K.L.:
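Got a structure for you, questions after.
Since this is a predicted model, take the numbers as computed values, not measurements.
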Amino acid sequence: MPVSGPRSTLKVASAVHGAAVVVRVEGDLDAGTVHLLHGELDRVWESPGTSVLVIDVAELEFCDSRGLSELISALQRGQAMNVRLILSGVQGVLRRVLTITGLRNVFEQHPSVAEALRLAADAGPRHSRSGGEPGSGSDPGSGSDPGSGSDPGGLYETAGDR
């Protein structure tokens, strides 16, 4: 359902693919529209059995700091719930924002939804950094995803390393 403001329109839709949910985002993700993505993600977090969340941003035309903040929150919530978060179709403004902020390598990214789903099915859900035991402090590299080139298990550590 689109919401229009002075200049902003955002369409958000989701579909279930087995244990994965794909959320497609189209238009402008900004202070006036971020609530739409937030609401859709809340529904995903409430769905039992979700192990992978793909956010398809191929049709995203604009993303401001509020939109970026929502993506970071989704990544953190996914980590806390052991849900693997993947961005697909990152390009344009979002690619530049992620690069400038040092977050480009923090998010697992794939060029298409199909590739993200295929690789997620091959690899399974993201494993917790602690190996499932709270406070074990095991090797931070143990949670890395194949092909991503980064450890999405530690947002701030990874961003600080870039």
Side-chain angles (χ1 to χ4, degrees), residues 1-15 17 20-45 47 50-120 123 125-126 129 140-141 143-162:
M1 167 164 68
V3 171
S4 296
R7 64 171 246 293
S8 299
T9 301
L10 184 72
K11 294 179 185 175
V12 180
S14 62
H17 298 266
V21 175
V22 176
V23 175
R24 295 185 194 279
V25 182
E26 180 182 333
D28 297 337
L29 182 58
D30 58 25
T33 61
V34 73
H35 68 280
L36 295 170
L37 178 59
H38 182 83
E40 191 64 32
L41 292 176
D42 276 348
R43 286 186 280 284
V44 170
W45 303 130
S47 300
T50 301
S51 62
V52 177
L53 169 60
V54 178
I55 301 177
D56 179 12
V57 294
E59 299 298 321
L60 192 67
E61 296 172 13
F62 179 77
C63 181
D64 71 1
S65 62
R66 291 284 304 274
L68 181 60
S69 178
E70 185 63 30
L71 293 174
I72 292 168
S73 294
L75 179 64
Q76 292 171 330
R77 191 160 182 189
Q79 290 169 345
M81 297 178 72
N82 201 31
V83 173
R84 182 174 173 188
L85 186 134
I86 302 170
L87 297 180
S88 70
V90 176
Q91 45 81 32
V93 171
L94 183 58
R95 179 176 292 277
R96 287 190 299 275
V97 167
L98 292 174
T99 301
I100 290 167
T101 58
L103 296 171
R104 187 168 171 191
N105 293 323
V106 172
F107 288 93
E108 181 179 353
Q109 299 176 45
H110 295 289
S112 69
V113 170
E115 183 175 336
L117 291 172
R118 181 181 58 78
L119 291 172
R126 186 182 66 80
R129 297 185 71 200
S144 64
D145 295 304
S148 69
S150 67
D151 172 18
L155 175 63
Y156 296 108
E157 294 131 279
T158 304
D161 291 343
R162 303 286 178 240

K.L.:
Taking atom CG of L53 and atom CG of L87, what is their separation to the nearest 0.5 Å?
P.N.:
9.0 Å
K.L.:
For R104 and Q109, work out which heavy atoms get closest and say how close.
P.N.:
O-NE2, 2.6 Å
K.L.:
Tell me which one of V12, L41, V22 satisfies side chain to side chain contact (heavy atoms under 4.5 Å, CB included) with I55.
P.N.:
L41
K.L.:
Is the backbone N or O of D28 less than 3.5 Å from a side-chain atom of T33, with the two atoms forming a donor-acceptor pair by type?
P.N.:
yes
K.L.:
Would you mind listing every side-chain hydrogen bond (donor to acceptor under 3.5 Å, both in side chains) that reaches into residues 85-98, with sequence neighbours excluded?
P.N.:
D56-S88
K.L.:
Could you give the side-chain donor-acceptor pairs of residues 58-66 under 3.5 Å, partners two or more places apart or in another chain?
P.N.:
{"unit_1": "D64", "atom_1": "OD1", "unit_2": "R66", "atom_2": "N", "d": "3.0"}
{"unit_1": "D64", "atom_1": "OD1", "unit_2": "G67", "atom_2": "N", "d": "3.1"}
{"unit_1": "D64", "atom_1": "OD2", "unit_2": "A31", "atom_2": "N", "d": "3.2"}

K.L.:
Would you sort out whether L103 and L68 count as a side chain to side chain contact (heavy atoms under 4.5 Å, CB included), showing the intermediate values?
P.N.:
CA-CA 10 Å; L103 296 171; L68 181 60; 4.1 Å; yes
K.L.:
Which residues pass the side-chain hydrogen bond (donor to acceptor under 3.5 Å, both in side chains) test with S14, not counting sequence neighbours?
P.N.:
E40
K.L.:
Do E70 and L29 come close enough that some side-chain heavy atom pair is under 4.5 Å?
P.N.:
no
K.L.:
Work out which heavy atom in V52 is nearest to a heavy atom in T50; give both atom names and the distance.
P.N.:
O-CG2, 3.5 Å
K.L.:
Out of curiosity, I72 CD1 to L98 CG, how far, rounded to the nearest 0.5 Å?
P.N.:
8.5 Å
K.L.:
Could you pull out all residues at least two apart from R77 that satisfy salt bridge (charged side-chain N to carboxylate O under 4.0 Å, His left out)?
P.N.:
D42
K.L.:
Shortest non-hydrogen contact from L94 to V57?
P.N.:
CD2-CG2, 3.7 Å
K.L.:
Quick check for you: to the nearest 0.5 Å, what is the distance between R84 atom CZ and Q79 atom CD?
P.N.:
13.0 Å
K.L.:
Who pairs with S112 by side-chain contact (heavy atoms from CB on, under 4.5 Å), at least two apart in sequence or on another chain?
P.N.:
A114, E115
K.L.:
Please name the pair of heavy atoms, one in L36 and one in L10, separated by the smallest distance, quoted to 0.1 Å.
P.N.:
CD1-O, 3.7 Å
